[in-house]
Amino acid sequence: MPLPPSSLSEEILAWYDRNARDMPWRLGPKARREGHRPDAYKIWLSEIMLQQTTVAAVKPFFARFVNRWPTVGDLANAEASEIMAEWAGLGYYSRARNLHVCAKEVVENHGGAFPRTAAALKALPGIGDYTSAAIASIAFDEAAPVVDGNIERVITRLYRISAPLPGAKPHVKEKVTGLTPKDRPGDFAQAMMDLGATICVPRSPSCLLCPAAEQCEARSHGDQTAYPVKAAKRPVPQRTGAAFVATRSSDGAVWLRRRPASGMLGGMAEAPSTAWSARKDGETGADVAPFKADWMHVGAIAHGFTHFKLTLEVYRAEIDAEPSNEGWWAARHEIADQGLPTLMRKVVDKALG
DNA sequence: GAGCCGTGGAC
DNA sequence: TGTCCAAGGCT
């Protein structure tokens with residue numbers, strides 16, 4: 001006999017009170033019950049960074065951002081290039097561009113304070129369904145239904161929802177709405193995410209430790225790992241291109257330029273490379289270099305993206321003068337500070353040995 | 001709705 | 001090595 005939803009929510013909250021993960025941006029359940037509120041700026045910043053990104057990867061980036069820009073006003077006043085460089089390595093760079101735009105909108109249109117409802121938050125750039133509900137519930141106690149990948153997994157198992165995602169998302173959201181308690185919506189959202197991240201994991205869920213095990217329909221059928229059902233994905237194509245690392249003969253400085261604001265690695269620094277994003281094969285020789293030089297082939301690097309795999313042939317040359325007016329010299333000891341995305345860090349490492 | 005958009009870790 | 005995937009949003 002399944003218990004009513006409120007009881008299930010209480011079981012999960014009680015589990016959270018005992019097992020909440022400690023995060024730099026999080027206020028624990030004890031402090032929340034004592035009436036304290038987390039800093040909305042830190043909740044927002046962490047939620048943006050956590051989009052499709054692991055907690056472990058986010059932690060050092062979050063610490064650097066908060067240290068350098070302690071408030072949303074500080075972030076709004078920063079240069080876009082500084083933010084992009086600080087974000088380098090975290091991926092999905094449109095998040096960094098939207099981060100800056102959002103901070104400026106909060107300052108200019110909301111008096112420097114984040115709006116307190118999910119609906120108003122969702123109007124800001126980079127904040128969608130999930131993030132608006134997460135911020136509203138965690139920072140402002142609005143009972144907005146929070147649905148992320150963890151919660152999709154927990155819910156589809158609990159109710160043995162066999163329709164494939166993302167089509168089944170409205171059904172999942174409906175279930176979450178029914179479960180979310182009015183008095184502790186933020187803690188409940190974080191409890192469900194912690195449950196999905198530590199107990200109800202994709203491959204080998206620890207059902208013996210799960211506070212919802214007795215009410216889990218998938219577990220009663222013994223097919224927990226069959227959920228969530230997801231639509232089949234397409235195979236990822238292979239693409240190739242070439243990258244060109246020019247060093248200045250006088251001091252070894254490296255010639256870099258900035259990629260266009262939109263598209264792959266938009267707005268990030270790079271060593272000049274061919275238009276690999278639009279190319280399937282061919283044109284990987286030194287003859288497609290962006291400028292004339294005595295190019296030497298030094299090898300190739302491979303890099304996997306979400307929707308294609310890339311192999312870049314890497315060339316190096318020493319030159320004397322600036323090859324164009326669109327770029328800059330980066331001193332060898334400053335390359336780590338240039339904000340190179342990981343792909344380009346691999347290219348430069350390959351070229352310079 | 002489906003494609004675009006990074007990266008690093010687990011298995 | 002390959003595959004999956006991790007607190008998604010935008011177009």
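Nothing here was measured: the structure is a model prediction, and the numbers come from that model. All values below come from the heavy atoms of this structure, side chains included, with hydrogens, waters and symmetry mates left out. Here is how names work: the chains are called A, B, and so on, in the same order as the sequence lines, proteins then strands, and each is numbered from 1.
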Let me know, please, whether A:Lys309 or A:Ile127 comes out on the 5' side of the other along DNA chain C by nearest nucleotide.
A:Lys309
What heavy-atom pair brings A:Met84 and A:Tyr93 nearest, and what distance separates the two atoms?
CE-O, 3.8 Å
Residue whose nearest DNA chain C nucleotide is more 5′ - A:Gly126 or A:Met23
A:Met23
Within the structure shown, what part of the strands sits under 4.0 Å from A:Pro125 by heavy-atom distance: base, sugar-phosphate, or nothing?
sugar-phosphate
Yes or no on side chain to side chain contact (heavy atoms under 4.5 Å, CB included) for A:Val288 and A:Phe244, after CA distance, side-chain angles and deciding distance?
CA-CA 10 Å; A:Val288 296; A:Phe244 299 88; 4.1 Å; yes
Short side-chain N/O contact to C:dC5 OP1/OP2 from A:Lys233, under 4.0 Å:
yes
Using whole Å, report how far CG of A:Leu165 lies from P of B:dG1.
12 Å
Does anything in residues 265-273 of chain A come within less than 4.0 Å of DNA chain C? Heavy atoms only, and list the residues if so.
none
d(CD1, A:Ile48; P, C:dG8) in whole Å:
11 Å
Distance-only, no hydrogens or angles: does the A:Arg26 side chain make a donor-acceptor pair with backbone N or O of A:Arg21 under 3.5 Å?
yes
Taking atom CG of A:Asp294 as the centre, report whether more than 12 heavy atoms of other residues, nucleotides or ligands fall under 6.0 Å from it.
no
Would you indicate what A:Arg26 reaches in the nucleic acid, counting non-hydrogen atoms under 4.0 angstrom: base, sugar-phosphate, or nothing?
base
Report yes if a side-chain nitrogen or oxygen of A:Arg153 is closer than 4.0 Å to either non-bridging phosphate oxygen (OP1 or OP2) of C:dA6; otherwise report no.
yes
Would you indicate what A:Gly89 reaches in the nucleic acid, counting non-hydrogen atoms under 4.0 angstrom: base, sugar-phosphate, or nothing?
sugar-phosphate
Atom CZ of A:Arg234 and atom P of C:dG2: how far apart are they, to the nearest Å?
19 Å
A:Leu90 CG to C:dG9 C1': how many Å, rounded?
15 Å
A:Met23 and A:Ser46, any side-chain heavy atoms less than 4.5 Å apart
no
Begin with the C-alpha distance, continue with both residues' side-chain angles, and end with the deciding distance and a verdict on side chain to side chain contact (heavy atoms under 4.5 Å, CB included) for A:Lys175 and A:Leu158.
CA-CA 10 Å; A:Lys175 292 294 187 184; A:Leu158 259 177; over 6 Å; no
Within less than 4.0 Å of OP1 or OP2 of B:dC5, is there a side-chain N or O belonging to A:Thr306?
no
Whole angstroms only, please: what is the CZ-C1' distance between A:Arg259 and B:dC4?
14 Å
Is the side chain of A:Arg153 donor-acceptor paired with the backbone N or O of A:Cys200 at a distance under 3.5 Å, no angle test?
yes
State plainly whether the residues A:Arg33 and A:Asp17 are in salt-bridge range, i.e. N to O under 4.0 Å.
yes
Length of the CD-P vector between A:Glu47 and C:dA6, whole Å
16 Å
For a quick check of understanding: with a heavy-atom distance under 4.0 Å over all strands, which category does A:Thr131 fall into, base, sugar-phosphate or nothing?
sugar-phosphate
Could you tell me the separation between the OH atom of A:Tyr93 and the P atom of B:dC4, rounded to a whole number of Å?
19 Å
Just to be sure I understand the geometry, which residues of residues 52-71 of chain A put a non-hydrogen atom under 4.0 Å away from DNA chain B?
A:Gln52, A:Thr53
Side-chain donor/acceptor of A:Glu142 to backbone N/O of A:Ala118, under 3.5 Å:
yes
Relative to the 5' end of DNA chain B, which residue comes earlier, A:Arg203 or A:Leu340, by the nucleotide with the nearest heavy atom?
A:Leu340
Electrostatic pair A:Arg257:A:Glu326 at N-O distance under 4.0 angstrom
no
Can you list the steps and then say if A:Trp69 with A:Ile83 is a side chain to side chain contact (heavy atoms under 4.5 Å, CB included)?
CA-CA 10 Å; A:Trp69 300 295; A:Ile83 294 175; 4.0 Å; yes
With a 3.5 Å distance limit and no angle check, can you tell me whether A:Ser132 reaches the backbone of A:Leu121 through a side-chain donor-acceptor pair?
no
C1' gap between B:dG1 and C:dC10, integer Å:
13 Å
Is any side-chain heavy atom of A:Thr225 closer than 4.5 Å to one of A:Pro205?
yes
Please tell me if A:His303 has a side-chain N or O lying less than 4.0 Å from either OP1 or OP2 of B:dG6.
no
Is there a donor-acceptor pair closer than 3.5 Å between any side-chain N or O of A:Asn67 and the backbone N or O of A:Ala63?
no
Could you check whether A:Trp44 gets within reach of a base, just the sugar-phosphate, or nothing at all, counting any heavy atom under 4.0 Å?
nothing
Given B:dC5, is OP1 or OP2 found less than 4.0 Å from the side-chain N or O atoms of A:His307?
yes
In numerical order, the residues of residues 343-353 of chain A whose heavy atoms come under 4.0 Å of DNA chain B are A:Leu343, A:Arg345
Could you work out the separation of B:dG3 and C:dC4 based on their P atoms and round it to a whole Å?
16 Å
Could you tell me how far C:dA6 sits from B:dC5 if I compare only their C1' atoms? Round to whole Å.
15 Å
OP1 or OP2 of B:dC4 less than 4.0 angstrom from a side-chain nitrogen or oxygen of A:Tyr92, does that happen here?
no
Roughly how many Å is it from CD in A:Glu152 to C1' in C:dA6, rounded to a whole number?
12 Å
In whole Å, what separates the P atom of C:dG9 from that of B:dG8?
22 Å
